[in-house]
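Structure, as structure tokens:
None of the values given here were measured: they were computed from a predicted structure.
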Amino acid sequence: MQPASQPPQSVEQLLERAQALAGYSLGELADLANLQTPADFRRHKGWSGQLLETWLGAEAGSKPEQDFPELGVELKTLPIDSQGKPLETTYVCYAPLTGIAGISWEHSNVKNKLACVCWVPIEACRDIPPAQRRVASAFLWQPNARQEQALRQDWEEIMEMIALGQVENITARHGEVLQLRPKAADGNALTQAIGKDGQWIQTRPRGFYLKKNFTQALLQHAFLDL
DNA sequence: AAATGATCATGA
DNA sequence: TCATGATCATTT
């Protein structure tokens, strides 16, 4: 087995490739790709995701697009515990803090990113060294009507607060399934936003994240036998 | 113990 | 600086 040399030509091929990785440890996959596995993720936080991108043939880069634009599919790793519960929230995308007049949910980056996701769960309790963490069974997901409605409602509430100059009053507690949190290199990073009196202010950049209750439900639906 | 707010590496 | 890939680590 070896990493893909080309992007997958179809969604089916992508899913096949992803499911073929189930059961392998990150250390095994790194060795087969001639990559070094870090001893911990303190300084390598995105390593798992980049390893999977390599294996599945995603284009490297940081474009604000899906990982597989030809297929309209986004790739996301999801750290889980031994019971299959998410260990972390899931980053979705950067949140626009300016120029947001007229942005609708239908044209939002969040909706676009989550239109179709290839989820790759990884058993990743913090007491397991990265090399020994195992890939679980990948699955494809497209939001159903209820899920999209829940995402849309949170997104619209958060974006309205941003538009009204309330960005600094938004905490991670807002939103049932989608939350807004800082997303930056450090506390010194600043970007422009709308202030409470409509003026420009400088604030910490923000990102949208999926809360654990939401991704846990996705896992349950994906693997529930009915 | 869980969740929020903070942080790390990299590329364009 | 923005955006990608996320996990860390302090606070609750």
What nucleic acid atoms does A:G49 come within less than 4.0 Å of, heavy atoms only: base, sugar-phosphate, or nothing?
-> sugar-phosphate
Does OP1 or OP2 of C:dT4 have a side-chain N or O of A:Q50 closer than 4.0 Å?
-> no
Measure from CD on A:Q66 to P on C:dT4 and round the result to the nearest Å.
-> 11 Å
Remember a base hit wins even if backbone is also touched, and classify A:E74 as base, sugar-phosphate or nothing at under 4.0 Å, heavy atoms.
-> sugar-phosphate
Between C:dT10 atom P and A:E88 atom CD, what is the distance in whole Å?
-> 15 Å
Parallel, tilted or perpendicular: ring planes of A:W119 versus A:F139, cut at 30 and 60 degrees = parallel
Ring pair (Phe, Tyr, Trp, His ring centres under 6.0 Å) contacts touching residues 94-113 of chain A (sequence neighbours left out) = A:W105-A:W155
Atom CG of A:N188 and atom P of B:dC8: how far apart are they, to the nearest Å?
-> 11 Å
A:N213 and A:Q216: side chain to side chain donor-acceptor pair (under 3.5 Å), yes or no, with the steps?
-> CA-CA 5 Å; A:N213 59 356; A:Q216 178 166 6; over 6 Å; no
Check whether the side chain of A:K63 and the base of C:dT4 form a donor-acceptor pair under 3.5 Å.
-> no
Check the distance between C:dT7's P and A:L52's CG and give it to me in whole angstrom.
-> 11 Å
Just call it for A:L87: base, sugar-phosphate, or nothing, with non-hydrogen atoms closer than 4.0 Å on any strand.
-> nothing
Which nucleotide, C:dG5, B:dG5, B:dT4, lies nearest any side-chain atom of A:P182?
-> B:dG5
Which part of the nucleic acid does A:A124 contact within heavy-atom distance under 4.0 Å: base, sugar-phosphate only, or nothing?
-> nothing
Quick one: the side chain of A:K113 and the base of C:dT4, do they pair up donor-acceptor inside 3.5 Å?
-> no
Looking for any heavy atom pair under 4.0 Å, which part of the strands does A:T171 touch: base, sugar-phosphate only, or nothing?
-> sugar-phosphate
Would you mind reading off the distance between A:L97 atom CG and C:dC2 atom P, rounded to a whole angstrom?
-> 9 Å
Length of the line joining A:Q36:CD and B:dT10:P, which is rounded to integer Å | 14 Å
Base, sugar-phosphate, or nothing: which does A:P79 touch, judged by heavy atoms less than 4.0 Å apart?
-> sugar-phosphate
Choosing from C:dC8, B:dT4, B:dA3, which nucleotide comes nearest the side chain of A:T89?
-> B:dT4
A:T77, nearest nucleotide to its side chain (from B:dT7, C:dA6, C:dC8) = C:dA6
Of all the choices, C:dA3, C:dG5, C:dA9, which nucleotide is nearest to the side chain of A:P64 once you look at every atom?
-> C:dA3
Sorted by position of nearest nucleotide on DNA chain B, 5' first, the leading residue of A:A185 and A:K211 is A:K211
Ignoring hydrogens and angles, answer whether the base of C:dG5 and the side-chain atoms of A:K183 contain a donor-acceptor pair closer than 3.5 Å.
-> yes
How far apart are the closest heavy atoms of A:T203 and A:L97, and which atoms are they?
-> CG2-CD1, 3.8 Å
When rounded to whole Å, the CZ to P distance for the pair A:R181 and B:dC8 reads 16 Å
Is there a donor in the side chain of A:T171 and an acceptor in the side chain of A:R181, or the other way round, less than 3.5 Å apart?
-> no
Kindly say if A:Y94 contacts the phosphate of C:dT4, meaning a side-chain N or O under 4.0 Å from OP1 or OP2.
-> no
May I ask you to verify whether the side chain of A:Y209 and the base of B:dA3 hold a donor-acceptor pair under 3.5 Å?
-> no
A:R206 atom CZ is separated from B:dT7 atom C1', nearest whole Å, by 15 Å
Heavy-atom pair with the smallest gap, counting every atom of A:L56 and A:A4 = C-CB, 3.9 Å
Please check the phosphate of C:dC8 (OP1 and OP2 only) for any side-chain N or O of A:R126 closer than 4.0 Å.
-> yes
Between C:dC8, C:dT4, C:dC2, which nucleotide has the shortest distance from any of its atoms to the side chain of A:C93?
-> C:dT4
Phosphate oxygens OP1/OP2 of B:dT7: is one of them under 4.0 Å from a side-chain N or O of A:K45?
-> no
Is the shortest side-chain N/O distance from A:T90 to OP1 or OP2 of C:dA6 below 4.0 Å?
-> no
So, is A:K212 near the phosphate of B:dA3, with a side-chain N or O under 4.0 Å from OP1 or OP2?
-> yes
Ignoring hydrogens and angles, state whether a donor on the side chain of A:Q147 or A:W141 is under 3.5 Å from an acceptor on the partner side chain.
-> yes
Nearest-nucleotide 5' precedence on DNA chain C, A:R173 against A:N109 = A:N109
Going by modelled atom types, is there a donor-acceptor pair between the base of C:dA9 and the side chain of A:R42 at under 3.5 Å?
-> no
